[in-house]
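Here's the structure, in structure tokens; my notes come after.
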Amino acid sequence: MKLTRLGIRQADEWRGAAVRLPEFDIDAMRSATAEQPEWIHFGAGNIFRGFIGSIAQRLLNGKKSETGIIAVESFDFEMIDRIYEKHDNLTINVLVGKEGELNAEVLAGIAEAFKSTERERLLKAAAAPSLKMISFTITEKGYAVTDAAGNLTEAAAEDIKNGPDAVHKHTMSIAASMLYHRFKNGAMPIAAVSMDNCSHNGEKLKNGVMRIIKAWKENGFIDDAFEKYAEEKVSFPWSMIDKITPRPDEKIKARLEQSGIEDMDIIVTSKHTYTAPFVNAEIPEYLVIEDDFPNGRPQLEAAGVYMTDRETVNRAETMKVTTCLNPLHTGLAVFGCLLGYTEIWREMADPALAGLAKAIADEGMKVVVNPGIIDPSAFAREVLCERLPNPGIPDTPQRIATDTSQKIPVRYGETIKSYTASETLDASSLDAIPTVIAGWLRYLLAVDDGGRAFEPSPDPMSAQLKELLSGIEPGKPETAAGKLDKLLSNENIFGVDLNKAGLSEKVKSIFAEMLEGSGAVRRVLNRFI
């Protein structure tokens, strides 16, 4: 069996391999999309193909839509050449259950896929009165048009210099040029929807697009009318997305090939993108979107998407990032590295680490704001009992430990702030969060609990943190004396001054314990069993 339009006509063979097929006419869908496109998406990677693509499939299967998605890739063109074109825009979506069971389906809701450099195709779709939304999964850094110093990136600067009719570098300028083309061809309204896993993603998208537009105006390429159109007729809804979609797994590849499906090779592009004709992911998934679509929208709620207001989206995001998932992930990441783990699910079989993860969630649960549409306790229980222990999701603590300094202030600082602001809670009562903070500092010493050196994951503050911890040695707790005060008062790192929050002495004490020789980290963690 081959994953192509011709290949999936062998329906009996695919069903015999327990792979579900589309329940709609693919050719009719593609024809309808060409005539009246409704949805363009930037970012043709794994989470788009497996999650957003499955939303389109459900709408088409349920006759809630007649059109599919136009996928545009603006970063890694090899995905279009080596995956999309080779397999006729089809994907095998493999959901992996906790017991290793597979739920496989051929997704066909992507009507066409092309590179952002194919301007004629892009602008034709952009000008269509039927177009309702342009969505994005381009990672958080894809929205940045300036660097850390506030200077324009090279790509953004070039597109600004060349104007809206000659962009080809930055996704934000490409999106702005689409809006300009739409403005010149009727000025129809449109929604631009970030579906990336970052807080206030709609705001980040709007800021990026409007920065480009304002620069074009300053350079004389556009006038006030287009800027006013972008401000008044283009909406930028916020969203919260949650689905663990790791790199393609060799074990999944082998199982698909054993069932008779050919050409399932995993590809690593020259830009280090890991991709394959299939996507493997966990079963749970959440997409919450602010319902602000000035030209109408697909019936997304019919495919399980929560359509709501901005405040609820923000609460759902805060629930996930500060309490129910991300703080647990980061805690498991730093301690997994210290204890020699290479898979998150194996950590969850360790009673001490599972106990720590539950304790982190319990501490956050006392101050979490319930978004109303998702119950925080049920969400956390699903994370602890189904998602993190799933052996079919081969995520690593080393990957999750990347950029931890950028995560600490939100994932733990916000909970500490809520405790200090509370009339009934005391931040000094926290135990799990101070343990994670102390564990992260111990991790930064780059020596595991057995005394072996390891390479910490990349972090933009690694050099600065290394200097602040200089002279501290595992096995010699006395070397930490007086070394942490400056660091623990840094609100940029922790989101709060831990001295003022009454937690610095507890963090220093736990950190010193973890320096007491081989096995010291394990002894601290055993408290959470």
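For the numbers below, each heavy atom of this structure counts, side chains included, while hydrogens, waters and symmetry mates do not. Predicted model, so just to flag it, every value in this text is computed and none were measured.
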Between Asp196 and Glu140, is the side chain to side chain contact (heavy atoms under 4.5 Å, CB included) condition met? List the steps.
CA-CA 7 Å; Asp196 269 300; Glu140 185 169 1; 5.9 Å; no
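- In this structure, the side chain of Asn390 engages the main chain of Gly392 through a donor-acceptor pair within 3.5 Å.
- Between Asp165 and Arg119 there is no salt bridge, since no side-chain nitrogen of the basic residue lies less than 4.0 Å from a carboxylate oxygen of the acidic one.
- Residue-environment remark: CD (Gln406) exceeds the threshold of 12 foreign heavy atoms within 6.0 Å.
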Begin from the C-alpha positions of Asp76 and Thr273 and carry the test side chain to side chain donor-acceptor pair (under 3.5 Å) through to its verdict.
CA-CA 8 Å; Asp76 196 334; Thr273 301; 2.6 Å; yes
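- Scanning for ring pair (Phe, Tyr, Trp, His ring centres under 6.0 Å) contacts around Tyr180 gives Phe226, with sequence neighbours left out.
- Contact of the Leu152 side chain with the Arg211 side chain is registered, since non-hydrogen atoms from C-beta on lie closer than 4.5 Å.
- Taking 4.5 Å as the limit, every side-chain heavy atom of Pro327 sits out of range of all side-chain heavy atoms of Thr415.
- The closest donor-acceptor contact from the side chain of Asn93 to the backbone of Glu105 lies at 3.5 Å or more, if one exists at all.
- Put simply, the side chain of Leu131 reaches to within 4.5 Å of the side chain of Arg182, judged on heavy atoms.
- Under the rule for a ring pair (Phe, Tyr, Trp, His ring centres under 6.0 Å), His168 has no partner lying at least two apart in sequence or in another chain.
- Within the 4.5 Å cutoff, the side chain of Leu3 has heavy atoms near those of the Trp14 side chain.
- By the 6.0 Å contact criterion, CD on Glu154 is open, its count of non-hydrogen atoms from other residues, nucleotides or ligands being 12 or less.
- When atom types are taken as modelled, the side chain of Ser418 and the backbone of Glu414 share a donor-acceptor pair closer than 3.5 angstrom.
- Note on Arg58 versus Glu285: salt bridge recorded, some NZ/NE/NH1/NH2 to OD/OE distance being below 4.0 Å.
- The shortest heavy-atom contact between Ala111 and Met29 is CB-SD, 3.7 Å.
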Test Asn103 against Arg20 for side chain to side chain donor-acceptor pair (under 3.5 Å), laying out the working first.
CA-CA 9 Å; Asn103 183 329; Arg20 287 178 290 131; 2.8 Å; yes
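- Electrostatic pairing of Glu386 and Lys98 does not count as a salt bridge here, judged by no charged N lying under 4.0 Å from a carboxylate O.
- Residues forming a ring pair (Phe, Tyr, Trp, His ring centres under 6.0 Å) with Phe278 (at least two apart in sequence, or on another chain): none.
- When atom types are taken as modelled, the side chain of Asp309 and the backbone of Glu311 share a donor-acceptor pair closer than 3.5 angstrom.
- In Glu101, the CD atom is crowded: over 12 heavy atoms of neighbouring residues, nucleotides or ligands sit closer than 6.0 Å.
- Of the possible donor and acceptor atoms, none in the side chain of Asn326 sits under 3.5 Å from a partner among the backbone N and O of Arg411.
- When side chains are defined from C-beta on, Cys198 counts as touching Lys204, because their heavy atoms get closer than 4.5 Å.
- Residue Ile174 forms a side chain to side chain contact (heavy atoms under 4.5 Å, CB included) with just one option from Val209, Val167, Thr117, and that option is Val167.
- Partners of Asp265 according to the side-chain hydrogen bond (donor to acceptor under 3.5 Å, both in side chains) rule, which considers only residues two or more places apart in sequence or in another chain, do not exist here.
- Other residues, nucleotides and ligands place no more than 12 heavy atoms under 6.0 Å from the CD atom of Glu66.
- Nearest heavy-atom pair across Met264 and Leu256 is SD-CD1, 3.9 Å.
- Residues Asn46 and Thr275 are in side-chain contact: their nearest non-hydrogen atoms beyond the backbone lie under 4.5 Å apart.
- Ser194 contributes atom OG, which lies 13.0 Å from atom CD1 of Ile134 (distance to the nearest 0.5 angstrom).
- In this structure, Ser422 contributes its side chain and Tyr419 its backbone to no donor-acceptor pair below 3.5 Å.
- Each of Asp242, Ile55, Leu300 was scored for a side chain to side chain contact (heavy atoms under 4.5 Å, CB included) with Leu287, with one residue passing: Ile55.
- A donor-acceptor pair under 3.5 Å is formed between the side chain of Lys243 and the backbone N or O of Ile283.
- Between Ile252 and the options Ile92, Ile266, Val96, a side chain to side chain contact (heavy atoms under 4.5 Å, CB included) holds for only Val96.
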Output, in order, the C-alpha distance, side-chain angles, deciding distance and verdict of side chain to side chain donor-acceptor pair (under 3.5 Å) for Asp459 and Thr404.
CA-CA 7 Å; Asp459 192 297; Thr404 298; 5.0 Å; no
Starting from the C-alpha separation in whole Å, work towards a yes-or-no answer on side chain to side chain donor-acceptor pair (under 3.5 Å) for Ser270 and Glu78.
CA-CA 8 Å; Ser270 59; Glu78 283 184 61; 2.4 Å; yes
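- Without hydrogens or angle criteria, Thr33 side chain to Gly68 main chain gives a donor-acceptor distance under 3.5 Å.
- For the atom pair Thr322 OG1 and Ile416 CD1, the distance stands at 11.5 Å (nearest 0.5 Å).
- To the nearest 0.5 Å, atom CD of residue Glu23 and atom CD of residue Gln57 are 8.0 Å apart.
- Classification of Asp88 and Arg30 as a salt-bridged pair fails, no side-chain N sitting under 4.0 Å from a carboxylate O.
- Within the 4.5 Å cutoff, side-chain heavy atoms of Val193 are placed close to those of Ile289.
- Legend: ring-ring contact (aromatic ring centres under 6.0 Å, His included) pairs involving residues 43-81, not counting sequence neighbours, sorted by first then second residue: His41-Phe48.
- Here the side chains of Pro409 and Asn492 are not in contact, with every heavy-atom distance at 4.5 Å or above.
- For Lys228, the NZ atom sits in a loose shell: 12 or fewer heavy atoms of surrounding residues, nucleotides or ligands are nearer than 6.0 Å.
- Salt-bridge formation is not detected for the pair Asp292/Arg310: no Lys NZ or Arg NE/NH1/NH2 atom is positioned less than 4.0 Å from an Asp or Glu carboxylate oxygen.
- Proximity of a side-chain donor or acceptor of Asp159 to a complementary backbone N or O of Ser173 within less than 3.5 Å is not detected.
- Using a cutoff of 4.0 Å between basic side-chain nitrogens and carboxylate oxygens, Lys214 and Glu227 are scored as salt-bridged.
- Note: Phe114 CZ to Ile80 CD1 = 9.0 Å, rounded to the nearest 0.5 Å.
- Of the possible polar contacts, none joining the Lys115 side chain to the Asp81 backbone as a donor-acceptor pair under 3.5 Å is found.
- Every residue meeting the ring pair (Phe, Tyr, Trp, His ring centres under 6.0 Å) condition with Phe379, not counting sequence neighbours, appears here in chain and number order: Tyr286.
- Annotation for Lys141: atom NZ does not count as buried by contact number, only 12 or fewer foreign heavy atoms lying within 6.0 Å.
- At a threshold of 4.0 Å, the pair Lys407-Asp403 does not count as salt-bridged, since none of the basic side-chain nitrogens sits closer than that to a carboxylate oxygen.
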